[in-house]
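Before any comments, here is the structure.
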Amino acid sequence: LKLYEKGWVMSCDGNISARAAPGSSDFFVTPTGIDATQIEASQVVRCNASGSPYPGNLKPTSEVSLHSIIYESRPDVGAVVHSHSIYACAMACCRLNLPPAHYAVCELLCNPTRCPQRSAEQGAATVQCSTY
């Protein structure tokens, strides 16, 4: 709810996940189609490493593969926030570079990051995101 209040997610856009426990391949993720202001704890979806929900869970976000690939690629990551803020969407639509906001970003990425191009190959942008 705090991410919604800050304008980082809008209605059903954007999604959040967290590992079930340190070192676990399972993770919890927001469900698809439920407004951010209406989600209850019982509706959060538990998924296995491939992003498949366990029986009895709601359907996970359509971008569950983004979360599962990041967790698989980065065992040190404990949570993922996929934001659809107004500013991030505007920059992506304009194909603008994302300027580093802190010197540590420069050290990690070496240069400003451009949002991945959409590809006809399904999942290409997801795989590209996992390299960061």
Side-chain angles (χ1 to χ4, degrees):
L1 188 55
K2 288 183 181 182
L3 295 175
Y4 175 82
E5 290 168 353
K6 291 179 182 253
W8 292 359
V9 294
M10 310 294 165
S11 183
C12 297
D13 295 337
N15 37 74
I16 304 160
S17 67
R19 279 194 198 274
S24 174
S25 58
D26 285 3
F27 60 95
F28 294 96
V29 67
T30 49
T32 190
I34 299 178
D35 188 290
T37 62
Q38 304 299 314
I39 294 175
E40 296 181 20
S42 63
Q43 296 172 311
V44 176
V45 182
R46 186 173 188 143
C47 295
N48 63 23
S50 66
S52 298
Y54 285 99
N57 280 275
L58 296 175
K59 186 176 175 185
T61 173
S62 61
E63 295 156 329
V64 70
S65 62
L66 170 73
H67 298 263
S68 65
I69 288 174
I70 290 172
Y71 290 127
E72 179 183 349
S73 303
R74 297 283 310 273
D76 59 315
V77 170
V80 175
V81 177
H82 179 186
S83 174
H84 285 244
S85 72
I86 292 171
Y87 303 110
C89 290
M91 290 187 77
C93 289
C94 293
R95 306 291 308 143
L96 296 173
N97 284 335
L98 299 174
H102 191 272
Y103 74 90
V105 175
C106 297
E107 292 173 4
L108 290 171
L109 300 179
C110 302
N111 56 28
T113 303
R114 183 177 293 272
C115 299
Q117 290 273 358
R118 268 213 174 265
S119 170
E121 181 184 335
Q122 186 176 14
T126 298
V127 172
Q128 205 170 355
C129 288
S130 72
T131 61
Y132 295 102

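In this chain, numbering begins with 1 at the start of the sequence shown.
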Approximate separation, where rounding is to 0.5 Å, of T30 OG1 and N15 CG: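 Answer rounded to 0.5 Å: 4.5 Å.
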[X]: which residues meet the side chain to side chain contact (heavy atoms under 4.5 Å, CB included) condition with it, sequence neighbours left out?
| X | result |
| --- | --- |
| Q43 | P31, I34, I39, E40, L58 |
| S52 | N48, S50 |
| A20 | S24, D26, F28, R46 |

Pairwise salt bridge (Lys or Arg N to Asp or Glu O under 4.0 Å) hits with a residue in residues 51-73, at least two apart: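 Applying salt bridge (Lys or Arg N to Asp or Glu O under 4.0 Å) to every pair that reaches into residues 51-73, excluding sequence neighbours, yields nothing.
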Minimum-distance pair of heavy atoms, taken over all atoms of P53 and V45: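 Heavy-atom minimum between the residues: CB-CG1, 3.7 Å.
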Heavy-atom pair of closest approach, residues V64 and G51: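 Closest pair (atom of V64, atom of G51, distance): CG2-O, 3.6 Å.
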With sequence neighbours excluded, residues passing side chain to side chain donor-acceptor pair (under 3.5 Å) with S17: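 Side chain to side chain donor-acceptor pair (under 3.5 Å) list for S17, sorted by chain: H67, Y71.
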